[in-house]
2 protein chains.
Amino acid sequence: MSQTVDRALSILPLLAQGPADLGQVAERLGVHKSTALRLLRTLHEHGLVYRQEDQRYRLGARLFALAQEAVENLDVREIAHPHLVALNDRCGHTVHLAVYEEQEVLYIDKVESRYPVRMYSRIGKPVAITVAAVAKLLLADLTEPERRAIAEKLDYPMYTSRSTPDAAAFLKELAVVREQGWATDLGGHEESINCIGAPVRGADGRVVAAMSVSAPNVVVTAEELLTLLPLVRRTAETISREYSGTNRPKKV
Amino acid sequence: MSQTVDRALSILPLLAQGPADLGQVAERLGVHKSTALRLLRTLHEHGLVYRQEDQRYRLGARLFALAQEAVENLDVREIAHPHLVALNDRCGHTVHLAVYEEQEVLYIDKVESRYPVRMYSRIGKPVAITVAAVAKLLLADLTEPERRAIAEKLDYPMYTSRSTPDAAAFLKELAVVREQGWATDLGGHEESINCIGAPVRGADGRVVAAMSVSAPNVVVTAEELLTLLPLVRRTAETISREYSGTNRPKKV
DNA sequence: AAGTTTCGTTGCAACATATGCAACACCCAT
DNA sequence: ATGGGTGTTGCATATGTTGCAACGAAACTT
């Protein structure tokens, strides 16, 4: 763990929230302005940070290029995408694809129902890990000690009265999900939104990604949403088959 | 310029080419293995780098998350987006939005005609700078010495027989674009694809982004596409107005 | 199975490098 | 003019980073 690099990298999420000037960066990093300046300069040279005309800093172009390459290396996404679209065509609801990476669950694709162009809205943002259907699916596939370790490290915010309250309940839920091969989130994150999900598996049977369909209560009830379960599971299995079949052995 | 940070950041483009193990990273950085290890660890803690099962490193999904968050905060894009969609609704063709940054032109938004969900495909990727209509528009707005400096640094790949052949031709084209306030790419990148574009200007009149409409020959001829020019220019002007109007004075 | 190579990891001492300070330069407002 | 607000530079100190060498573990050979 390198202190200097650590500080420099801490600037990135800070700037992701919006442009900031030198003083703000220094303050939020807890370092002297001159130090912040030099770190920013280095980031700037690598194109990760951009300096706009008012001299404030924000994230730069190269970061986007890198991110693009990073996501291209996730070939699950490419394979899954057309199937997610097809699913969206049939049911009309929002479809998500997520992966587990380093103690986090991240959406890597999304097809939205009403506003097809508003796709970016949440991709890349960390998922509410204790309640989301995709998170349960991904965590349920870890080994028992891993699950336990993570469950105990997590916070359990009560987004709603139906949110997972604590580690014990979470582990129990994971066991259920693990056995039944699918997962739900019924109003656990937002009171009026329900969600059903299924796992995408690699050739060795391990879960490499998870997909879900979300819809608000006002459109369909939880019961109606659950009738889509076979369709969702079938889609996930189709993706799994294609992913395990056409792929080079060692990936993601 | 911080050496430590500089080395750490140099790892990212290196990994963008594909996964690498510790030894490879150390060698290509020209540092000792232990040094590379510590740098990688720091990158890892910030999620920029992911360690796959065979212990090799690759770019992490967090990068994607950061970029995503940053893109959301780019307000040109937010303001322009609905107008791009409206334009797409009317003409049916692919619509692009691009910005210039640090010697590069990048697409930051795209509304595609046939495959509305395939939006991600190229966003964030550098544009073919010597031929694309949006690139001409963005570069044409720079000062004369800047244009000359860039034009001389560029390569001029002959994608097709109509591609811009050299710096002289490029500068001449920029002068034309600058004066007429719009640009075209008629088969300069791909033989069968034509493109027309217009600039988005900020409060001070400077070009902050450029938009374009693209369509293949088989759908509409170049002449037919040109009839859309007034519509495209009007859209760009609408975005410009909204952008300069509702915003605090100093912004990208 | 034992030997051998390869790769990742750790502790440590020496050095190089990042740090905070203080002073300067600059712009905008009063 | 003058004051507060920026961003920027040179410098001496010491903090943090570096390479080394040795360890451990796993993979491959024999």
| task | Evaluate the side-chain proximity of Arg38(A) to Met1(B): yes if any heavy-atom separation is below 4.5 Å, no if none is. | result | no
| request: Ignoring hydrogens and angles, state whether a donor on the side chain of His81(A) or Asp109(A) is under 3.5 Å from an acceptor on the partner side chain. | output: yes
| remark: What one should report as the nearest heavy-atom pair of Val131(B) and Thr164(B) is CG1-N, 3.7 Å
| note | Leu37(B) atom CG is separated from dT18(D) atom C1', nearest whole Å, by 13 Å
| Between CZ on residue Arg77(A) and CZ on residue Phe64(B), distance to nearest 0.5 Å | 5.5 Å
| query | Please walk me through it: do Tyr50(A) and Arg58(A) pass side-chain hydrogen bond (donor to acceptor under 3.5 Å, both in side chains)? | reply | CA-CA 5 Å; Tyr50(A) 173 68; Arg58(A) 66 171 177 78; 5.3 Å; no
| request: Name every residue in residues 11-23 of chain B that has at least one heavy atom under 4.0 Å from any atom of DNA chain C, in order of residue number, or write none if there are no such residues. | output: Asp21(B), Leu22(B), Gly23(B)
| said: If only side-chain N and O atoms count, and only distance matters, is there a donor-acceptor pair under 3.5 Å linking Thr143(A) with Glu146(A)? | reply: yes
| task | Provide, to the nearest angstrom, the distance between the OH atom belonging to Tyr57(B) and the C1' atom belonging to dC7(C). | result | 11 Å
| Rounded to the nearest 0.5 Å, how far does NZ of Lys33(B) lie from CG of Asp21(B)? | 10.0 Å
| task | Kindly express the pairing pattern of DNA chain C in dot-bracket notation, using | wherever a base pairs with another strand and counting only Watson-Crick or G-U pairs under 3.5 Å. | result | ||.|||.|||||||||||||||||||||||
| task | For nucleotides 14-27 of chain C, just jot down a letter per nucleotide in 5' to 3' order: B, S or -, based on protein non-hydrogen atoms under 4.0 Å. | result | ---SSBBB------
| Distance from Leu154(A) atom CG to Thr130(A) atom OG1, nearest 0.5 Å? | 7.0 Å
| request: Going by the side chain to side chain contact (heavy atoms under 4.5 Å, CB included) test, name the single residue among Leu43(B), Leu59(B), Leu40(B) that passes it with Leu48(B). | output: Leu43(B)
| task | For the pair His96(A) and Tyr107(A), name the ring-plane relationship: parallel under 30°, tilted 30 to 60°, perpendicular over 60°. | result | parallel
| request: Report the distance from atom CG of Asp54(B) to atom C1' of dG8(C), rounded to the nearest whole Å. | output: 13 Å
| Rounded to whole angstroms, how far apart are CZ on Arg56(B) and C1' on dG8(C)? | 15 Å
| said: dT9(D), OP1 or OP2 - any side-chain N/O from Arg41(A) closer than 4.0 Å? | reply: yes
| note | Interatomic distance, CG@Leu15(B) vs CG@Leu66(A), rounded to 0.5 Å, equals 9.5 Å
| field | Atom-pair distance (NE2 on His44(B); P on dG8(C)), nearest Å | value | 15 Å
